[in-house]
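Only one structure is covered here, and it is reproduced in the block below.
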Number of protein chains: 2
Amino acid sequence: MKRSKKERQSLLTEKITDNPFVTDEQLAAEFNVSVQTIRLDRMELAIPELRERIKDVAAKNYDEVKSLPLDEVIGEIIDIELDNRALSIFDVSSEHVFQRNGIARGHHLFAQANSLAVAVINDELALTAKSNVAFVKPVRAGDRVVTKAIVTGKLPEKNRTFIEVTSTVDNEVVFKGDFEMYRTKGEEK
Amino acid sequence: MKRSKKERQSLLTEKITDNPFVTDEQLAAEFNVSVQTIRLDRMELAIPELRERIKDVAAKNYDEVKSLPLDEVIGEIIDIELDNRALSIFDVSSEHVFQRNGIARGHHLFAQANSLAVAVINDELALTAKSNVAFVKPVRAGDRVVTKAIVTGKLPEKNRTFIEVTSTVDNEVVFKGDFEMYRTKGEEK
DNA sequence: ATTAGTATTAGCACTTGGTACTAATACCAA
DNA sequence: TTGGTATTAGTACCAAGTGCTAATACTAAT
């Protein structure tokens, strides 16, 4: 049952990603090749040795109880017209999705929309008061989410600003939300 | 400078718990004793060697990531009754708030609520379809947010589950939300 | 001070799961 | 047949240990 080198290496990568705790010896037995071959394969593929792999897994856990976004703004704002409109992009990667099925967790999309809504308001500080959102279509790892926020109305006497947010991937709407924001200071201008 | 054996051992335990990645040699240097002494100490205290410790950390991390959904939850779930109710707590710290005024960013509260809504659903996978939320009262760094999710209804023919989420700090409501969840029964492309 | 008992240090052989390197052999293709 | 890649084998070496024995040091009690 000889596999080609290429085939073996791709299976090897998969195996190791799947279970980083496997030794070269076990892999050699599994693929019916010598330990040296496995080592050569790892070197070609730049896969570190067992202990390093384990250490990486451990460090990831230890580094910081990861969870999520610490940034001021989720996504990168690429255009903004204060008190009017704003646009941001957010590249979805593997840490934003459910491992199960690769679909992005809702709160990341919400986070992008919410922080864009905060950013568009031309004020010292804006807080979200209410919001109504719909997750229209699943977003996956690798997708680039383009989010647009548009100020749709204001109630200056109540310190409220209304914002409509739409997120798209490849021009298809994936998320829509209405945000009612509270602003600390009244409107300037 | 010389500490008693007992003192050293308790400090040792602390050090290692604090940073499991430290070698006997480093510890020996730190406590000004020989490596052998450190080894004896570890044996008496039943502390495994560096590699085992690292492997433990890694395995723990790995299991959690694999077994999921609890790892994908923002906040810590302290009680759960599948398809019925769930409770989680989330300690707000400085990285979750606006520097300006110390008020928590909305999407963190949303994330806690949303992931609790996902967790309470007793299914392979749940996705948020829509949600309607209100940020009732500002939350600040240091606050412990207690969030309760209650399943309020279902539309099995449409694969929908409705969940009401309420977050409180010191028994005062700070956040309320209604979530409409989509649940996949088995497959999905 | 002597003696017992614990504490500490030292040294050596051996273990795992490797790296780094060299050399030999096998296989496949023009 | 020649060449190039692929595979295997073998050696020396490393880190961070375990396991064991033996020597020394430090107290504390008689």
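Every chain is numbered from 1, with letters handed out A, B, ... down the list of sequences.
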Exercise. Return the orientation label for the B/Phe179 and B/Phe110 ring planes: parallel under 30°, perpendicular over 60°, tilted otherwise.
Key: tilted
Practice problem: Look at the rings of A/His96 and A/His108 and say which category their plane angle falls in: under 30° parallel, 30 to 60° tilted, over 60° perpendicular. | Solution: perpendicular
Using only side-chain N and O atoms of [X], determine if any of them is under 4.0 Å from OP1 or OP2 of [N].
X	N	value
A/Arg53	C/dG17	no
B/Arg8	C/dT8	yes
A/Arg39	C/dA20	no

Is it true that [X] and [Y] have a side-chain N and a carboxylate O under 4.0 angstrom from each other?
X	Y	answer
B/Arg42	B/Glu49	no
A/Lys154	A/Asp83	yes
B/Lys137	B/Glu172	yes

What integer distance in Å separates [X]:[atom1] from [N]:[atom2]?
X	N	atom1	atom2	answer
A/Lys6	D/dT7	NZ	P	13 Å
B/Ile38	C/dA7	CD1	P	15 Å
A/Arg42	D/dA6	CZ	P	18 Å
A/Phe21	C/dG17	CZ	C1'	15 Å
B/Glu44	D/dT18	CD	P	14 Å
B/Leu12	C/dA7	CG	P	15 Å
A/Glu52	C/dG17	CD	C1'	12 Å
A/Gln9	D/dT7	CD	P	8 Å

Exercise. Return the 5'-most residue of the pair A/Thr37, B/Glu25 with respect to DNA chain D, ranking by each residue's nearest nucleotide.
Key: A/Thr37
Quiz prompt | Out of D/dA16, C/dT19, C/dT9, whichever nucleotide has its closest atom nearest the side chain of B/Leu50 | solution = D/dA16
Quiz item: Between the side chains of B/Thr147 and B/Gln112, does any donor sit under 3.5 Å from an acceptor?
Solution: yes
Quiz item: For residues B/Ser34 and B/Thr37, is any side-chain donor paired with an opposing acceptor at under 3.5 Å?
Solution: yes
Quiz prompt | Terminal axis angle for the helix from C/dA1-D/dT30 to C/dA30-D/dT1, five pairs an end, nearest 10 degrees | solution = 10°
Quiz item: Does any donor-acceptor pair link the side chain of A/Arg51 with the base of D/dA15 at a separation under 3.5 Å?
Solution: no
Quiz item: What is the nucleic acid contact for A/Glu49, judged by heavy atoms within less than 4.0 Å: base, sugar-phosphate only, or nothing?
Solution: sugar-phosphate
